Amino acid sequence: MKLLEGKKALITGVANEYSIAYAIAKALFEHGAELAFTYQSERLKEKISGLIEPFKPAFIAELDVSKDEDIARAGQKTLTAWGRLDIFLHCLAFTPKEDLHGDFYKTSRQGFALSNDISSYSLIALSNALLPAFEAAGGGSIIYMTYIGGEYAISTYRLAGVSKAALEISSKYLAQSLGGKNIRVNGISAGPIKTLAARGIRNFSDLQHQAELFMPLRGEMTAADVSGTAVYLASDLSRAVTGEVIHVDKGFHCVRG
Ligand SMILES: NC(=O)c1ccc[n+]([C@@H]2O[C@H](COP(=O)([O-])OP(=O)(O)OC[C@H]3O[C@@H](n4cnc5c(N)ncnc54)[C@H](O)[C@@H]3O)[C@@H](O)[C@H]2O)c1
């Protein structure tokens with residue numbers, strides 16, 4: 001039995017074949033979901049169009065989450081094309097390099113605002129824009145990606161971690177305010193995975209090797225490791241789960257050495 005037959009899923013955050021969003025899209029598709037995609041810029045549209053073609057997307061839409069008009073258009077396009085929405089994957093983040101790598105106490109006001117705007121506020125704004133489509137479906141599932149650097153201070157993650165903390169608590173307030181509409185909001189806290197965004201983190205491979213030393217389950221984390229949990233959160237199997245963050249990190253979150 002396919003778990004997501006008849007469900008419509010809007011996917012953000014595919015930048016290339018290593019993106020976590022790509023692995024999740026593949027798994028949702030294999031479980032029967034119909035997919036639509038957003039891309040951040042024209043340049044990325046060209047890069048990903050061949051990649052997502054096998055999923056026969058219902059539509060693709062430009063969405064730079066720093067722009068209110070793009071967010072509104074994504075909501076309208078979803079409603080016009082499908083008349084409903086069952087699953088929304090928020091799989092994007094951005095923190096300026098200076099504020100990711102510099103001394104944390106020197107974090108700039110502008111960098112703080114930008115990181116939180118792109119990485120956290122976008123979940124709230126998109127949930128609002130997509131609300132009519134979710135309501136038409138009688139409810140649905142919002143899934144976002146987070147990292148343990150939002151719970152503990154991880155020296156290489158810094159401001160990005162502050163934005164993940166804001167994202168996680170925002171998701172709980174969203175779960176509270178959207179629960180009456182049968183819309184669930186849950187996060188996946190993934191272990192370190194080599195992606196484009198991860199390459200922007202200084203000493204990422206040290207961080208990855210350190211995690212691998214302590215992870216109860218052995219071996220390198222891959223985006224495919226995360227996708228099964230996304231299928232569960234997208235499906236009716238998780239119908240009573242909301243405001244939750246599931247750690248998919250080979251157990252790293254539960255050990256201290
Ligand atoms: N790679 C990891 O180790 C890891 C671990 C835990 C959580 N995450 C999270 O997973 C998510 C996906 O990241 P990834 O690792 O697959 O990297 P990725 O580089 O493949 O994806 C990041 C995406 O964010 C998008 N993005 C950035 N700014 C945007 C904007 N203004 N508007 C629209 N889109 C924008 C990019 O276009 C890109 O598609 C992020 O939220 C990231 O923080 C990653």
Side-chain angles (χ1 to χ4, degrees), residues 2-4 9-33 35 37-40 44 47-48 50-55 57 87-95 100 119 141-152 154 156-157 160-161 163-164 167-168 186-235 237-238 241 244-255:
K2 288 190 169 179
L3 286 168
L4 304 174
L10 181 66
I11 311 289
T12 64
V14 177
N16 57 36
E17 69 268 40
Y18 304 109
S19 295
I20 294 173
Y22 176 68
I24 292 179
K26 192 162 176 280
L28 299 184
F29 182 75
E30 283 164 3
H31 280 273
L35 307 184
F37 292 83
T38 70
Y39 54 90
Q40 187 188 347
L44 274 178
K47 273 185 81 176
I48 69 163
L51 193 63
I52 62 176
E53 201 181 80
F55 303 134
I87 301 155
F88 167 51
L89 177 68
H90 179 283
C91 201
L92 57 94
F94 176 76
T95 298
L100 196 58
S119 312
S141 171
I142 297 172
I143 303 164
Y144 67 94
M145 294 303 304
T146 185
Y147 179 60
I148 200 163
E151 296 171 66
Y152 304 100
I154 306 244
T156 45
Y157 207 60
S163 300
K164 288 303 189 197
L167 179 68
E168 290 186 21
N186 294 293
I188 297 175
S189 184
I193 300 166
K194 268 189 212 127
T195 62
L196 193 64
R199 268 190 263 136
I201 298 168
R202 191 176 286 164
N203 301 331
F204 177 79
S205 31
D206 290 351
L207 188 141
Q208 201 178 25
H209 291 139
Q210 243 170 7
E212 279 167 24
L213 284 179
F214 300 118
M215 288 176 336
L217 298 173
R218 297 292 171 198
E220 185 177 330
M221 276 286 306
T222 66
D225 290 329
V226 167
S227 59
T229 302
V231 171
Y232 159 72
L233 287 175
S235 80
L237 290 179
S238 59
V241 179
E244 187 60 273
V245 177
I246 302 181
H247 291 90
V248 182
D249 60 359
K250 301 206 172 198
F252 181 71
H253 69 281
C254 75
V255 296

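Small disclaimer: the values here were computed from a predicted structure and weren't measured.
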> Got a sec, which residues hit side-chain contact (heavy atoms from CB on, under 4.5 Å) with Tyr18, two or more places apart in sequence or on another chain?
Replying inline: Asn16

>> Would you compute the distance between atom CG of Asn186 and atom CD1 of Ile142 and round it to the nearest 0.5 angstrom?
In response: 9.5 Å

>> Glu212: which residues meet the side-chain contact (heavy atoms from CB on, under 4.5 Å) condition with it, sequence neighbours left out?
In response: Gln208, His209, Met215, Glu220

>> If the condition is side-chain contact (heavy atoms from CB on, under 4.5 Å), which residues does Ala160 pass it with, not counting sequence neighbours?
In response: Thr95, Leu100, Tyr157

Solution key, residues 143-151 side-chain donor-acceptor pairs under 3.5 Å, sequence neighbours excluded:
{"unit_1": "Tyr144", "atom_1": "OH", "unit_2": "Ser171", "atom_2": "OG", "d": "2.8"}
{"unit_1": "Thr146", "atom_1": "OG1", "unit_2": "Glu168", "atom_2": "OE2", "d": "2.6"}
{"unit_1": "Glu151", "atom_1": "OE2", "unit_2": "His247", "atom_2": "NE2", "d": "2.8"}

> Does Lys250 have any salt bridge (Lys or Arg N to Asp or Glu O under 4.0 Å) partners at least two apart in sequence or in another chain, and if so, which?
Replying inline: none

> Who passes side-chain hydrogen bond (donor to acceptor under 3.5 Å, both in side chains) against Asp225, sequence neighbours left out?
Replying inline: Thr222

> How would you list, by chain and number, every residue that makes a side-chain hydrogen bond (donor to acceptor under 3.5 Å, both in side chains) with Ser235, sequence neighbours excluded?
Replying inline: none

>> Parallel, tilted or perpendicular, judged at 30° and 60°: which one describes the rings of Phe55 and Tyr22?
In response: tilted

> For Ala93, does its backbone N or O pair with a side-chain atom of Ser119 as donor and acceptor, under 3.5 Å?
Replying inline: no

>> So, using side-chain contact (heavy atoms from CB on, under 4.5 Å) as the criterion, who are the partners of Ser227 when residues are at least two apart?
In response: Ile24, Ala27

> Under the ring-ring contact (aromatic ring centres under 6.0 Å, His included) test, which residues partner Tyr232, sequence neighbours left out?
Replying inline: none

> Does the side chain of Pro216 reach to within under 4.5 Å of the side chain of Val255, using non-hydrogen atoms?
Replying inline: yes

For residues 189-207, please give each side-chain donor-acceptor pair under 3.5 Å, one per line with the distance, not counting sequence neighbours.
{"unit_1": "Thr195", "atom_1": "OG1", "unit_2": "Ala198", "atom_2": "N", "d": "3.2"}

> What salt bridge (charged side-chain N to carboxylate O under 4.0 Å, His left out) pairs are there with at least one residue in residues 10-28, not counting sequence neighbours?
Replying inline: Lys26-Glu30

